[in-house]
Amino acid sequence: MNWDQVEGNWKQLKGKVRQQWGKLTDDDLDVISGKKEQLLGRLQERYGVRREELERQLDEFLKRM
């Protein structure tokens with residue numbers, strides 16, 4: 001799955017994103033709206049993980065979708 005597909009299917013994917021990264025709030029997910037940069041920024045805020053690590057996690061997550 002690529003980011004165009006993520007944006008197009010965001011409402012369906014929000015639950016899976018929330019399962020993977022439970023510190024994200026419903027408000028976070030609404031603001032993110034399937035935008036990769038927004039998601040990475042919120043994940044960095046909530047988890048304090050380096051961007052490179054988060055990008056790796058996102059790539060793995062998308063491969064499973």
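The analysis underlying the following values was restricted to heavy atoms, covering all of them including side chains, and did not include hydrogens, waters or symmetry mates. Here, residue 1 is the first one in the sequence, and each next residue gets the next number.
Of the listed residues (Asp27, Asp28, Asp26), just one forms a salt bridge (Lys or Arg N to Asp or Glu O under 4.0 Å) with Arg18, and that residue is Asp26.
No side-chain donor-acceptor contact under 3.5 Å links Asp59 to the backbone of Arg56. Between the side chain of Trp10 and the backbone N or O of Leu29, at least one donor-acceptor pair lies under 3.5 Å. The closest donor-acceptor contact from the side chain of Gln5 to the backbone of Asn2 lies under 3.5 Å.
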Run Val6 and Leu13 through side-chain contact (heavy atoms from CB on, under 4.5 Å) and show every step you take.
CA-CA 7 Å; Val6 170; Leu13 289 173; 4.1 Å; yes
Step by step, work out the side-chain contact (heavy atoms from CB on, under 4.5 Å) result for Trp21 and Arg42.
CA-CA 10 Å; Trp21 295 284; Arg42 294 290 171 141; over 6 Å; no
Tell me, with the steps shown, if Lys36 and Leu39 meet side-chain contact (heavy atoms from CB on, under 4.5 Å).
CA-CA 5 Å; Lys36 183 177 183 180; Leu39 178 55; 5.7 Å; no
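In summary, Glu45 and Lys23 do not engage in a salt bridge, as defined by a charged side-chain N under 4.0 Å from a carboxylate O.
Rounded to the nearest 0.5 Å, atoms CD (Gln20) and CE (Met65) are 7.5 Å apart. Taken from NZ in Lys11 to CG in Asp30, the straight-line distance is 9.5 Å, to the nearest 0.5 Å. Going from atom CD of Glu55 over to atom CZ of Arg50 covers 10.5 Å, rounded to the nearest 0.5 Å. Between atom OH of residue Tyr47 and atom CD of residue Gln57 there is a gap of 9.0 Å, rounded to the nearest 0.5 Å.
Hydrophobic clustering (ILVMFWY, side-chain heavy atoms < 4.5 Å, transitive): Leu54 and Val31 are in distinct clusters. Residues Met1 and Leu58 share a hydrophobic cluster, clusters being chains of Ile/Leu/Val/Met/Phe/Trp/Tyr side chains in contact below 4.5 Å.
A 6.0 Å sphere centred on NZ of Lys16 holds no more than 12 heavy atoms belonging to other residues, nucleotides or ligands.
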